[in-house]
Amino acid sequence: MDDSIKPGKTFVHDGVSPIHVPNEEDEEQAFQMLWESLVPPYGKARTAQGEIIRIAGRVRQEFLGNGCINWDEDFHKMLDAFLEYLQLGNGFSQEDWKIAEVYVGLLKENGEKGFIDDRLVEILCSCAMAWVKQNPQVIEPLKAEYIR
């Protein structure tokens, strides 16, 4: 079986095989392909890789699709978990993690104020994909402290 993610092909990850980040020039398309492969239609993902993509995608949707109208404490908890994921496995360097922490702080503030900054959301999705790329071997997801 070909375990790569390809455009135009729906591939659902089996939860155990190594995870490959699509090699796409269009980062949005690569993110969408990971979403379709790793994120279930409802509920939390079966892998840490899927859950970090799910968190980034849910935050992106809340900012860009809903204008932060549903922003609440659960989104803060999701973003806290996002930072925890960045430390798992082949995690971000301390310097990169500190930068991600600043972006997450800005997202939390902007979410509270309803200030939409699509660039910050793009950075969050890029960080998620970079972490997945650094961690192709499946990692168990963290216990979720959020409901969304």
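- Distance check: Glu51 CD to Met78 CE gives 7.0 Å after rounding to the nearest 0.5 Å.
- Summarising the geometry of Ile53 relative to Phe31, their closest heavy-atom pair is O-CZ, 3.5 Å, with the distance given to 0.1 Å.
- For Leu107 against Phe63, the heavy-atom pair with the smallest separation is O-CZ, 3.4 Å.
- Here the straight-line distance linking atom CD of Gln49 with atom CD1 of Ile19 works out to 3.5 Å at 0.5 Å rounding.
- Separating the CD atom in Glu122 from the SG atom in Cys127 is a distance of 12.0 Å, to the nearest 0.5 Å.
- The distance from the NE2 atom of His13 to the CG atom of Leu34 is 10.5 Å, given to the nearest 0.5 Å.
- Here the side chain of Gln87 pairs no donor or acceptor atom with the backbone of Phe92 at under 3.5 angstrom.
- In terms of modelled atom types and a separation under 3.5 Å, the side chain of Lys44 and the main chain of Ile147 share a donor-acceptor contact.
- Atom CG of Leu124 and atom CZ of Arg119 lie 11.5 Å apart (nearest 0.5 Å).
- Distance alone, capped at 3.5 Å, places no donor-acceptor pair between the Tyr85 side chain and the Ala128 backbone.
- In this structure, Lys77 places its NZ atom where more than 12 heavy-atom neighbours from other residues, nucleotides or ligands lie under 6.0 Å away.
- With Asn135 contributing its side chain and Trp131 its backbone, the two residues share a donor-acceptor pair below 3.5 Å.
- Residues Asn70 and Phe75 share a closest heavy-atom pair of O-CE1, 3.6 Å.
- Each of Gln134, Gln137, Lys133 was compared with Asn90 under the side-chain contact (heavy atoms from CB on, under 4.5 Å) criterion, and only Gln134 meets it.
- Remark: the backbone N or O of Met33 is not paired with any side-chain donor or acceptor of Ser37 at under 3.5 angstrom.
- Checking side-chain atoms of Asp14 against main-chain N and O of Val16 turns up a donor-acceptor pair under 3.5 Å.
- Atom-to-atom distance recorded for Cys125:SG and Arg60:CZ is 4.5 Å, nearest 0.5 angstrom.
- Residue-environment remark: CD (Glu73) exceeds the threshold of 12 foreign heavy atoms within 6.0 Å.
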With salt bridge (Lys or Arg N to Asp or Glu O under 4.0 Å) as the criterion, how do Arg148 and Asp72 come out once you've worked through the C-alpha distance, each side chain's angles and the decisive distance to 0.1 Å? CA-CA 10 Å; Arg148 290 187 185 275; Asp72 62 11; 2.9 Å; yes
Applying side-chain contact (heavy atoms from CB on, under 4.5 Å) to Cys68 and Ile116, what does each step give before you reach the verdict? CA-CA 8 Å; Cys68 295; Ile116 310 306; 3.7 Å; yes
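- Connection of Ile69 to Tyr146 is not established within any shared hydrophobic cluster, with ILVMFWY side chains joined at heavy-atom distances below 4.5 Å, either directly or through further cluster members.
- Scanning all heavy atoms of the two residues, the minimum distance from Ala100 to Leu86 falls at CB-CD1, 3.6 Å.
- If you check the side chains of His76 and Glu112, you find a donor sitting under 3.5 Å from an acceptor.
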Check against salt bridge (Lys or Arg N to Asp or Glu O under 4.0 Å), Lys98 and Glu101: CA-CA 5 Å; Lys98 286 287 189 191; Glu101 184 180 38; 3.8 Å; yes
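- With hydrophobic clusters built from ILVMFWY side chains whose heavy atoms lie under 4.5 angstrom apart, Trp97 shares a cluster with Phe82.
- No more than 12 heavy atoms of other residues, nucleotides or ligands sit less than 6.0 Å from atom OH of Tyr103.
- For the pair Gly57 and Trp35, the tightest heavy-atom approach, listed with the atom from each and the gap, is CA-CZ3, 3.7 Å.
- Minimum interatomic distance between Ala45 and Pro141 (heavy atoms only, all atoms of both residues): O-CG, 3.8 Å.
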